[in-house]
*Asks:* 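Please find one structure pasted underneath; my questions will follow.
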Amino acid sequence: MTRLLHSFKDFFKVIFRNRQATIGLFILTFFVLLATVGAAFTPLDMTVDYANRFQMPSWKHPLGTDYVGRDILAQVIHGSRDVITLGVVCAVMALGIGVIIGSVSAFVGGFTDTLLSFFTNIFLTIPAFPLMLILAVAFNVQNIWAAGFILAIVSWGGVARVVRGQILSLKHAEYIIACRIMGLKYWYIIFKEILPNMVSLLAVQFIGLFQNGIASSMGLMMLGVLTYRPTNWGVMLSLALQNTGIAYNPKGLIYFVTPIVCLALLQLGCIFFSSGIDQALNPRLRTE
Amino acid sequence: MTPKNIIEVRDLTVEFKKPKGSLLAVNHVDFDLREGSVTALVGESGSGKTTLAFTMLNIVNTTGKILSGSVNYNGTDVLKLKGEQLRRYRWKEISMIFQSAQSSLNPLMTIQQHFWETYLVHEPEADEKKVIPRFFRLLEDVMLDPDRVLKLYPHELSGGMKQRVMIAFSMLLSPRVIILDEPTTALDVITQDYIFSILDKIHNETGISMLLLTHDIGVVAKVADRIAVMYAGRIVEVGDIFTVFRHTAHPYAKALITTAPSLLDTDKDKEPIKGSPPDLIDLPPGCAFHPRCPYATEVCREKCPALTMIGEDHYVACHNSLPGKGAAAYE
Amino acid sequence: MNYFLRKLGTSLLNLIAVVVTIFIVLHMMPGDIIEPMAREEASRLGITYEEAYERVADRYNYNPQEPIYQQLVRYVKGLLRGDLGTSMLNPKNTVVSILSVALPWTIFVVSISLIISFILGMQLGALMAIRKRGIINNSITFYVTIVSAIPSYIIAIILSIIFVYQLRLFPKSGVYSIDVTPGFNMPFILSVLHYSVLPITTYVITSTGGWILNMKGSSVHVLGSDYVFAAQARGIPEKIIMRRYMKKNAMIPMITILAMAFGGMIGGAPLIEGQFQYLGMGAYLAKALGERDFILYQGLLLCISISVILANLVADLLYSKLDPRIRLE
C-alpha cells in the first residue's frame, strides 16, 4: 500500500515537472469538476421561453440563452457530464475488449492467434465511422451503455493490435525469458513483470479512446443518430446548426461556439495529459 | 630516420553532457600517430578511444563538445576546419571503419551507388564509367567478386562481406590514414583472421597509416607495431609494441596484457582486474585507476600522474611505474 | 511475385470477411423492412401479399424471412453478378449506378487531399527533425496541437459558414456547376476544382498534422542511425544526406500508414461531404442513413471497405517497390 502511495506521489511529481502534462491535468480536472460538482449545483431548466431567446450574456445567463430561451451555461455544464461519462464508458469497454483479444492472441498463440488477428484486422479495415452510424441506427440507441458499446465495437481493434505486439515483444524479452528459466509461475510473470510494463501503454490508449469516443459521438449526434440527451454538446451543436440559422444569424453564435470550444479544450487536455502520462509511467522515457 | 607524425593530438578534451552530469570522454590527451605505422589504441568500452578517433575526423556526436586542444593533420588543425573544407577532408585524407560497420550503409542504396556517391562528392568532375574499374580493383583487393557485389544492397551481404566492402570503401579515395574501430567485433574467429590478413596486405602494399581501436590484446599483438593504452579518457601508456609488451609499466596495461588469453601461457599468474570500470561522471580524485590498483599509494589518491618518458619511445602515466619506479621497468 | 501473391491472397480473404461481417451486422437489425413495402405494393398492383413480398424481396435481393445463411448465399450470388440491389426509396436507381456516380468524386477528393497532406507532412516533418528549435518549429507544433484537438467535421462546419454562407465564394452543394458540360474541357475542369476546394482543404487541414508528427518521429530516428553518421564521415554534403539518407529512409514506414490514413479520411466522408453537400460516397451515406435506405447503405459501406482494402494492397506494393529489403522475401 505504501508502495502504491509512493508511486502515486512519483507519478504526480513527474506530471508536474512537465508543463504540457500539468496543463492537461488541469484542464481534465476542470471538466471532471464541472461534470460532478458543477452539474450538481447548477439547476437545469429545459422549458421553452420564447420571450427570452438569443439573449446576450448577463448575470442571470452568463453565456446568454439559446434559440428557445434556455440558459446555455447550464446546458454546457450538464452536457459535460454526458460527454465525459460516454467517453469513459466507451474507453473502458474498448480497452476491455482490446486487452482481452490482444492478450489471448499473444499468450495462446498458434491458430487462435491467427484467427483473432484476422478478426482484429477486419475491424481495422471497415471504416469505423460509417460502421458506427449504421450500428447506432440499427440498434436504435437510447442510453449511454448502448452508445458506449457501439463506440467501443468499432475502436477496440487498435488496442488489440498494440497489446498483442507489446506482449509478444515482452514475451521474448530477455528478462522475461530469464524469469521463465528461473521457473517463476506464469501468472506471477504476467502480473509482476508484464503488466507493470504495459501500464503506460494502456493509460495512453485509454486517453486516446476517451478522446476519440467523444469526438465520434459528437459526430454521430451531428448526423442525428444519437439523440438520447438534449444537453450533450454534440446535440447542442447539431441543434445550433439546424435551428439558429447560424450561417446568417450572429445572435446564435454563442450557442454554436460554446460546445465547440468545450470540445476542443477537452481534447487538448487529453492530448497534453497523455504525453505526460507517457513520460511519467514509461520506464524508458523516465530517465532520472 | 626520425619517425614522422601524420596526426598529432595535443591537449584534447571532449565533454559529454548527460542528464546526471557532464563527463570528459577524452581528458587532456596528447597522442601521435606515426606515418606508416599500425597503431593500436587499446581500452575498455567507455575509455574514450572512439571519441578520440572521431575527433580526428572532426565528427563528434551532437551531445559532445570539444573543450580544448587541437588535432593536427599534416600541419592543419582539423578541429578548425569547417563546411566545405571539412567535408573534403573527411574520407579523402582519413577514412574510418566504424564499429557499427554492419549498419553503416544506407539500406536503400546498392554498393555501387555508395561508392559512386562518395567518389562524386569528392571528385565532382568524375565520370562514372572511368572510375568503375577502380571500384572493381578495390573490391578484388578484399577478395570479393565486384561484378556481383556492386549490384547488391547492404542487407544482401553477409557480415564478413560487409566488413570487406567497408575496407574497400575506406580505401576508395586513397586516404593516408584509416581508422578501424573494433573492425572484427561482430565476426567469427576465422573471418576475423581473414579480415586481418587483408588489412595486413593492404598495409604492406600501400604503406597506409592505420589506427586500430580494440579491446582485444591478442589482435594487437598480431597486427600492430605501436600501442597506446587508454583508461578513463586518458592515455596511460604508449610506445613501441615490443617495448610495451616486454616492459609494461602501467599497472592497468600490465593487467590487460597478462589477462589476455594465450595458448602458451599457463593460467597461474592471470589475475582479473579487480573492481569495476570507473564512473566517468564521478571520477575518483588523483589517478582514475587508483581504486583498482594494487600498487596505489597516497600520492595516487591526490595527484593525477602526467605522461612521462621512461624509455626510448615509451611513455607512461603512473606514479609507481611497474615493477618499481620509472626506468626500473627495464630492470 | 511471391510477395505480391501473398498480399493478394490476404486482401481477398479480408474482402470475404468484410462482406460477411457487413452482411451480418446489417441483418441483425430488428424489424422487417420489406413488409410495409410489400403491403403497399400488394394493394397498389392488386396482387396477393405473398406474391408482392416475393417481388419486393427479389427487387432488393434481400428476403428477411429466409434463414440467414440462405440470405447470405443470395447476397453473395448477387454480388458476383454485380447486383447490389436497388435503392429502397427510388427503386429505379440500382445501388451500382449510384456507386458509379458517387465513388469517383470521393476517390478524387480523398486522393488529392491525401497527396497534398502527405507531401506537406513529409516536408514539414523532416524540417522539424532537422531544426530542433525556432519559430517555424514552434508554429508547426502549435498548428499540429490545435488541429488535433478539433475534429474534422467542426473544421468543415466553420469553413462552410465562412466561405459558403458568409463570403459566398464557394457553392452550397454539388460536384460541378450545371452550366458546364462534363468532358475534357477547361470550364468543366475549373468547375470541378472550384467545387472541391473546401472538402479538400478540410481534409488537408486535419490530416497534415498527423503526417508531420509521424514523419518527424521517423526522421529523428533515422538521423540517429549509424548510416547517417557514417555518411557524414565520408564527407557527403548535408543536403544529400537529408534527401537521400534521412528523408527516403524515414518515409518508408510512412507508406504503411498511407492506407490507414486513406481509410480514416474516407470514413470521415459522411460528415465532411455531408457538410458541403459534395455528392460523393460520404454524402450518399449520410443521405441513405437519414432516409433509412439500408440496401443503399450496405452497398456504400461495402464499396468504401473495398476501397480501403485496395488502398492497403497498393500501399503494400508501394512499400515493396521502395524498400529493397522487402523484395528479397
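Order of the sequence lines fixes the chain letters, A, B, ..., with proteins taken first and strands second; residue numbering starts at 1 for each chain.
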*Asks:* Heavy atoms only, distances under 4.5 angstrom: which of L172(B), L173(B), L86(B), L105(B) has the most pairs with chain C? Name it, please.
*Replies:*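 Most pairs with chain C among the choices: L105(B).
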
*Asks:* Looking at OH of Y227(C) and NE2 of H114(B), how far apart are the two atoms once the value is rounded to the nearest 0.5 Å?
*Replies:* 9.5 Å

*Asks:* Select, from E238(C), K248(C), R244(C), the one with the greatest count of heavy-atom pairs under 4.5 Å involving chain B.
*Replies:*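 Most pairs with chain B among the choices: R244(C).
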
*Asks:* Relative to chain C, which of R88(B), Q99(B), H122(B) shows the most heavy atom pairs under 4.5 Å?
*Replies:* H122(B)

*Asks:* Who passes ring-ring contact (aromatic ring centres under 6.0 Å, His included) against Y153(C), sequence neighbours left out?
*Replies:*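 ring-ring contact (aromatic ring centres under 6.0 Å, His included) list for Y153(C), sorted by chain: empty.
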
*Asks:* Just how far is it from atom OH of Y245(C) to atom CD of E117(B), taken to the nearest 0.5 Å?
*Replies:* 3.5 Å

*Asks:* So which heavy atom on V121(B) is nearest to which on G235(C), and how close?
*Replies:*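 Nearest heavy atoms, V121(B) then G235(C): CG2-O, 3.8 Å.
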
*Asks:* Mind checking the CG-CD1 spacing from L120(B) to I240(C)? Nearest 0.5 Å is all I need.
*Replies:* 7.5 Å

*Asks:* Side chain, backbone, both or neither: which part of S95(B) has an atom under 4.5 Å from a heavy atom of chain C?
*Replies:*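 Contact with chain C involves no heavy atom of S95(B) at all.
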
*Asks:* Shorter than 4.5 Å, heavy atoms on both sides: which option in A231(C), A233(C), A230(C), S225(C) has the most such pairs with chain B?
*Replies:*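 That would be A233(C).
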
*Asks:* Of all the heavy-atom pairs spanning P324(C) and P107(B), show the shortest one and how long it is.
*Replies:* CG-O, 3.2 Å

*Asks:* Please classify the contact between Y89(B) and chain C as side chain, backbone, both or neither, with a heavy-atom cut-off of under 4.5 Å.
*Replies:* neither

*Asks:* What's the separation between atom CG in D323(C) and atom CG in L108(B), rounded to the nearest 0.5 Å?
*Replies:*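 Rounded to the nearest 0.5 Å, the CG-CG separation comes to 6.0 Å.
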
